[in-house]
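The chains referred to below are lettered A, B, ... by the order of the sequence lines, with proteins before strands, and numbering in each begins at 1. Being a predicted model, the structure only gives us computed values, none of them experimental. Note that these values count all heavy atoms, side chains included, but never hydrogens, waters or copies made by symmetry.
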Amino acid sequence: DTEVTQTPKHLVMGMTNKKSLKCEQHMGHRAMYWYKQKAKKPPELMFVYSYEKLSINESVPSRFSPECPNSSLLNLHLHALQPEDSALYLCASSQGDAANEKLFFGSGTQLSVL
Amino acid sequence: RKEVEQDPGPFNVPEGATVAFNCTYSNSASQSFFWYRQDCRKEPKLLMSVYSSGNEDGRFTAQLNRASQYISLLIRDSKLSDSATYLCVVNPSWGKLQFGAGTQVVVTP
């Protein structure tokens, strides 16, 4: 059972919609991540938050907007997405910022953009 | 050249057999290495961490060869439940984990 909770599990949205993905962890982890994964491809890093501050943005289009309200929560706000944005969106957390940190993934949100 | 390379497979393995596959990485400064397993449409789950020369956990053995820059994963006595994609993950520095594309393993009855 994952200790990183993501909602919703599935989301279908139109290109003009605004929606949000939510992620929560209660392990006291100080780093949280958003990844995007297409079928049969590895996860691609989108954003990293460390101690509630955005530390890495992998040149993600502005139609994806991350937010970290507190150390346990991470949101991803979606607006004006394209069909090619359809993918599995994974949230992850790690205990700290050391190079040997393990990632704990949530079960993901399967997003379909119509 | 990709930073982390894996044979995509599939490796078709009879139940009870042993299977092994490698992952090569390009950054010689890489400090930590992980194997994750991922089932179809599910999240990756940590299988093993590899910090020194190797690690063993039950039927699973991971080995690190720094000179040749690869890590391997060996699965003994394969079970049907071992069918999954195995992702090699390399961490040269914090926050920038490098994922391999995965090796698919199919265990057959």
Side-chain angles (χ1 to χ4, degrees), chain A residues 1-7 9-10 21 23 25 27 29-51 53-59 86-112, chain B residues 2-10 23-53 55 57 62 64 66 71 83-106:
Chain A
D1 290 336
T2 182
E3 295 184 68
V4 179
T5 304
Q6 285 188 247
T7 56
K9 292 193 183 306
H10 302 275
L21 309 185
C23 176
Q25 57 87 14
M27 296 180 280
H29 288 179
R30 307 309 296 188
M32 296 187 76
Y33 311 74
W34 281 115
Y35 281 86
K36 171 184 176 180
Q37 186 176 27
K38 296 279 222 179
K40 298 190 183 298
K41 299 286 187 183
E44 296 176 13
L45 183 65
M46 300 175 73
F47 303 103
V48 182
Y49 274 82
S50 176
Y51 294 85
K53 295 208 181 323
L54 182 64
S55 61
I56 295 177
N57 176 342
E58 288 289 287
S59 302
S86 298
L88 179 66
Y89 287 84
L90 293 161
C91 173
S93 68
S94 63
Q95 189 168 19
D97 57 2
N100 60 352
E101 295 291 351
K102 307 165 199 173
L103 287 185
F104 293 81
F105 285 90
S107 56
T109 295
Q110 189 67 51
L111 174 67
S112 296
Chain B
K2 292 181 183 177
E3 291 170 322
V4 180
E5 294 202 63
Q6 293 184 252
D7 183 335
C23 163
T24 58
Y25 60 95
S26 61
N27 189 333
S28 59
S30 299
Q31 294 297 312
S32 52
F33 310 85
F34 307 92
W35 283 106
Y36 284 77
R37 70 164 282 164
Q38 185 172 27
D39 296 294
C40 187
R41 294 180 173 267
K42 301 283 189 181
E43 76 276 21
K45 293 185 178 180
L46 181 67
L47 182 65
M48 299 183 75
S49 305
V50 187
Y51 296 122
S52 56
S53 61
N55 194 8
D57 184 2
L64 169 62
R66 286 192 183 275
I71 60 172
S83 296
T85 295
Y86 290 84
L87 297 171
C88 171
V89 182
V90 177
N91 194 347
S93 63
W94 172 76
K96 298 282 282 184
L97 287 180
Q98 296 165 336
F99 284 75
T103 295
Q104 186 184 5
V105 172
V106 179

Interatomic distance, OG1@A:T109 vs CD@B:E43, rounded to 0.5 Å, equals 11.5 Å
Just checking, any donor-acceptor pair under 3.5 angstrom between side chains of B:Q38 and A:Q37?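 Yes, a side-chain donor-acceptor pair sits under 3.5 Å.
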Side chain, backbone, both or neither of B:Y36 within contact of chain A (heavy atoms, under 4.5 Å): side chain
Name all residues meeting the side-chain contact (heavy atoms from CB on, under 4.5 Å) criterion together with A:Q110; count only those two or more places apart in sequence or in a different chain, and write none if there are none. A:H10, A:L88, B:R41
Going by the rule side-chain contact (heavy atoms from CB on, under 4.5 Å), which residues pair with B:P10 if we only count those two or more places apart in sequence or in a different chain?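 Checked B:P10 against side-chain contact (heavy atoms from CB on, under 4.5 Å); matches are B:N12, B:Q104, B:V106.
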Begin from the C-alpha positions of A:L103 and B:F34 and carry the test side-chain contact (heavy atoms from CB on, under 4.5 Å) through to its verdict. CA-CA 10 Å; A:L103 287 185; B:F34 307 92; over 6 Å; no
Looking at side-chain heavy atoms only, is the closest gap between B:V4 and A:P42 below 4.5 Å? no
Kindly check if the number of other-residue, nucleotide or ligand heavy atoms within 6.0 Å of NZ (A:K38) is above 12?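 Counting neighbours around NZ of A:K38, more than 12 heavy atoms of other residues, nucleotides or ligands fall under 6.0 Å, so yes.
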Side chain, backbone, both or neither: which part of A:E58 has an atom under 4.5 Å from a heavy atom of chain B? side chain
